[in-house]
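Worksheet: one structure, shown below.
Note that the structure is a prediction, hence the values are computed from the model and not measured. Sequence positions, counted from 1, serve as the residue numbers for this chain.
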Amino acid sequence: MNAISNEYKQLPDKVRAFFDRQYKDSYRLLDACRHPRTGLYADAYLPMNENPESRCSIAATGVGLIGLCVADMEGWDGNAAEKVKITLRGAMGEIDGCKPERDPSTGFFAHFVDMETGVNLHSEISTIDTSLLVAGALFAGHHFKDSAPEIADMAHKLLGSIDWRVVVADKERGVINMIVKDGKGRAPLPPYNEYVLVAYLALLCRPEDQDIQDLWYNTFAEERINKLPQINYRDIPVLTDTTFEQAFLSSFVHQFPFFLVPEYANSEIYREFYANACMADRLKWKELSDVPSYVWGYGAGPNDGLYGGYHADKINNAPQNIASAYIVAGFLPVYPAGIYDLYALYRAHIPYDEYVNPQDPQDEEKFRAPYKYGLHRYSWWHLEQPDRWYPTKVTVIDWSSMLYGLTAFKRGMSFFTERMQDLNGQQGQRTQNLNLQVGG
């Protein structure tokens, strides 16, 4: 078990009580989104509806697997290992009546599938969503390597069942295909973005493949991080992509590689860029009028009922200035004071487990339902208004930053780096032994 951090130990009692509640609730939301028979995870938690919803997200299922590792470590779920096995069997089509849609040539998964049957729900075959599932599986394989070693075998079987060569669009420039159609990579996307994880897993599975080697070492390896596209916020250099005229990226783009690619989490270079992304996010919010310092976090998520559907908010592109508390949590490894920002938001505006309104029971229900599992997305300008906006759903993949950040704050980043990094040296021989690589 990972040791408890000094930052956590030094929290005042009231803040620690808030932290513990929000931390456990971050897992409870995931558990509410899990299908008990297939083990697949819903795309979102729906506060006013029956859960889990019928639409599974393959990416959310990867988050759920990591959540089960956290629950096992913290003693929240004594059946976590068995749940992991069911989820992996469900994802791999080994449960009767459930066979998630995959590209037959390469093994990549459809983004959204039916929770019961695995039928593709009119979605693309996605390389990043598949990668998030595989990352969760490998994470669980390492976490349970002593108590349930069969999980590692299942995880490596999943990793090896995918032909990662198709993700390479331009190995010289680090361009990765976002989708797969008819066995071919499509929709190339230049760096920098969360697809760093795709390149990392491709190298993990096929370390001998020259094109995959070149894709990683020409663009994504630690010594190349300084060469990735950058944009300045004031005088702060922040990583960005090569599209949309050097626009800023939503903060989750910086967070996913930090937690799921150990070379990035362990890199002082990336950590500095990560801290810069956090600072830029915070400073941009300070430019807005009448916004307290604890209100910040440019994340992605649904905005139904306010200005439209799902949107990835970012600096200079954040309609209605909706803040995401889970982004604050995701930056805790480089800005631990952010826990006090979350606590201030909780105490002053969203006391999600304490709010009462005896004069208007309907208002009380409307307030507490969307925040049942704690802080997430909110509109600062609507918090104190009679017509305040209530989120209609919490998307699991975006919520992952809440779980990951709180876990790292209490247990340290080694909880993440150890459960991904140790697999690196083992993968080649293990996959070869299982004879699972596609296409020889």
Side-chain angles (χ1 to χ4, degrees), residues 59 62-63 66 126-139 164 167 173-178 189-205 212 215-231 237-243 248-281 297-300 312 314 324 326-327 329-335 397-405 407-408 413-421 423-424:
V63 176
I66 295 176
S126 168
T127 59
I128 183 58
D129 292 281
T130 299
S131 297
L132 289 162
L133 169 66
V134 173
L138 295 174
F139 198 98
W164 296 91
V167 307
R173 297 190 302 119
V175 180
I176 294 173
N177 289 314
M178 293 192 291
L189 182 68
Y192 154 80
N193 45 58
E194 68 272 31
Y195 286 73
V196 173
L197 175 63
V198 179
Y200 172 73
L201 292 177
L203 185 66
L204 198 66
C205 183
I212 289 175
L215 177 71
W216 178 262
Y217 290 108
N218 288 344
T219 303
F220 299 109
E222 187 192 13
E223 59 269 22
R224 305 296 297 176
I225 293 175
N226 270 323
K227 304 296 183 182
L228 290 169
Q230 300 171 31
I231 185 173
V238 180
L239 294 180
T240 186
D241 56 19
T242 57
T243 60
F248 290 93
L249 300 171
S250 187
S251 286
F252 80 86
V253 176
H254 305 276
Q255 294 181 348
F256 287 4
F258 185 75
F259 288 104
L260 299 177
V261 179
E263 185 165 337
Y264 278 45
N266 288 327
S267 166
E268 290 300 321
I269 298 171
Y270 189 77
R271 191 178 183 89
E272 183 175 350
F273 278 116
Y274 195 61
N276 287 352
C278 173
M279 187 181 302
D281 188 311
Y298 286 111
K314 60 198 78 173
S324 295
Y326 40 75
I327 292 297
F331 279 126
L332 288 176
V334 292
Y335 185 63
I397 185 59
D398 300 303
W399 180 253
S400 67
S401 293
M402 180 68 79
L403 176 73
Y404 300 167
T407 303
M413 277 301 295
S414 61
F415 178 78
F416 293 91
T417 56
E418 289 173 357
R419 284 159 180 76
M420 291 294 289
Q421 191 169 34
L423 296 164
N424 201 3

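- Within the model, atoms CG of Asn193 and OG of Ser250 stand 12.5 Å from one another, a figure rounded to the nearest 0.5 Å.
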(message) Apply side-chain contact (heavy atoms from CB on, under 4.5 Å) to residues Ile176 and Phe220 and explain how you reach the verdict.
(response) CA-CA 11 Å; Ile176 294 173; Phe220 299 109; 3.9 Å; yes

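- The distance from atom CZ of Arg419 to atom CG of Leu138, rounded to the nearest 0.5 Å, is 13.5 Å.
- A 4.5 Å side-chain heavy-atom check between Tyr200 and Tyr264 finds every atom pair outside the cut-off.
- Arg271 contributes a side-chain N or O that, together with a main-chain N or O of Pro333, makes up a donor-acceptor pair within less than 3.5 Å.
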(request) Take Asn226 and Phe273 through the test side-chain contact (heavy atoms from CB on, under 4.5 Å) and record every step on the way to the result. (result) CA-CA 9 Å; Asn226 270 323; Phe273 278 116; 3.5 Å; yes

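- With rounding to the nearest 0.5 angstrom, the CD1 atom of Ile397 is 7.0 Å from the CG atom of Asp129.
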(message) Test side-chain contact (heavy atoms from CB on, under 4.5 Å) on Tyr326 and Ser400; report intermediate values, then the result.
(response) CA-CA 8 Å; Tyr326 40 75; Ser400 67; over 6 Å; no

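- Inter-residue side-chain proximity for Met178 and Tyr195 is flagged as met; some heavy-atom pair is nearer than 4.5 Å.
- Between Met279 and Tyr335 the shortest side-chain heavy-atom distance does not fall below 4.5 Å.
- From Phe258, atom CZ reaches atom SG of Cys278 across 10.5 Å, with rounding to the nearest 0.5 Å.
- Taking CD1 from Ile212 and SG from Cys205, the interatomic distance works out to 7.5 Å, rounded to the nearest 0.5 Å.
- When all heavy atoms of Glu222 and Glu263 are compared, the pair lying nearest together is N-OE2, 2.8 Å.
- Shown here for Ala202 and Val167, the closest heavy-atom pair between the two residues is CB-CG2, 4.3 Å.
- Residues Pro191 and Leu228 come closest through the heavy atom pair CB-CD2, 4.1 Å.
- Between Asn276 and Pro237, some side-chain heavy-atom pair lies under the 4.5 Å cut-off.
- Under the 30°/60° scheme for interplanar angles, the aromatic rings of Phe259 and Tyr274 are found to stand perpendicular.
- With a 4.5 Å cut-off on side-chain heavy atoms, Val253 and Asp241 do not count as touching.
- Side-chain contact between Gln230 and Thr240: absent, with no pair of heavy atoms (C-beta onward) separated by less than 4.5 Å.
- Two residues are said to be in side-chain contact when any heavy atoms from C-beta on lie closer than 4.5 Å; Met413 and Tyr404 fail this criterion.
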(request) Take His254 and Leu239 through the side-chain contact (heavy atoms from CB on, under 4.5 Å) test and state the conclusion after the steps. (result) CA-CA 8 Å; His254 305 276; Leu239 294 180; 4.2 Å; yes

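- Between Tyr217 atom OH and Arg224 atom CZ the span is 13.5 Å, to the nearest 0.5 Å.
- Checking side-chain atoms of Ser401 against main-chain N and O of Gly330 turns up no donor-acceptor pair under 3.5 Å.
- Between Ile128 and Glu194, the closest side-chain pair of non-hydrogen atoms falls below 4.5 Å.
- Enclosure of atom CD in Glu272 is not indicated, since only 12 or fewer non-hydrogen atoms of other residues, nucleotides or ligands lie within 6.0 angstrom.
- Nearest heavy atoms, Gly297 versus Asp281: N-OD1, 3.0 Å.
- Across every non-hydrogen atom of Ser251 and Ile327, the tightest pair is CB-CG2, 3.6 Å.
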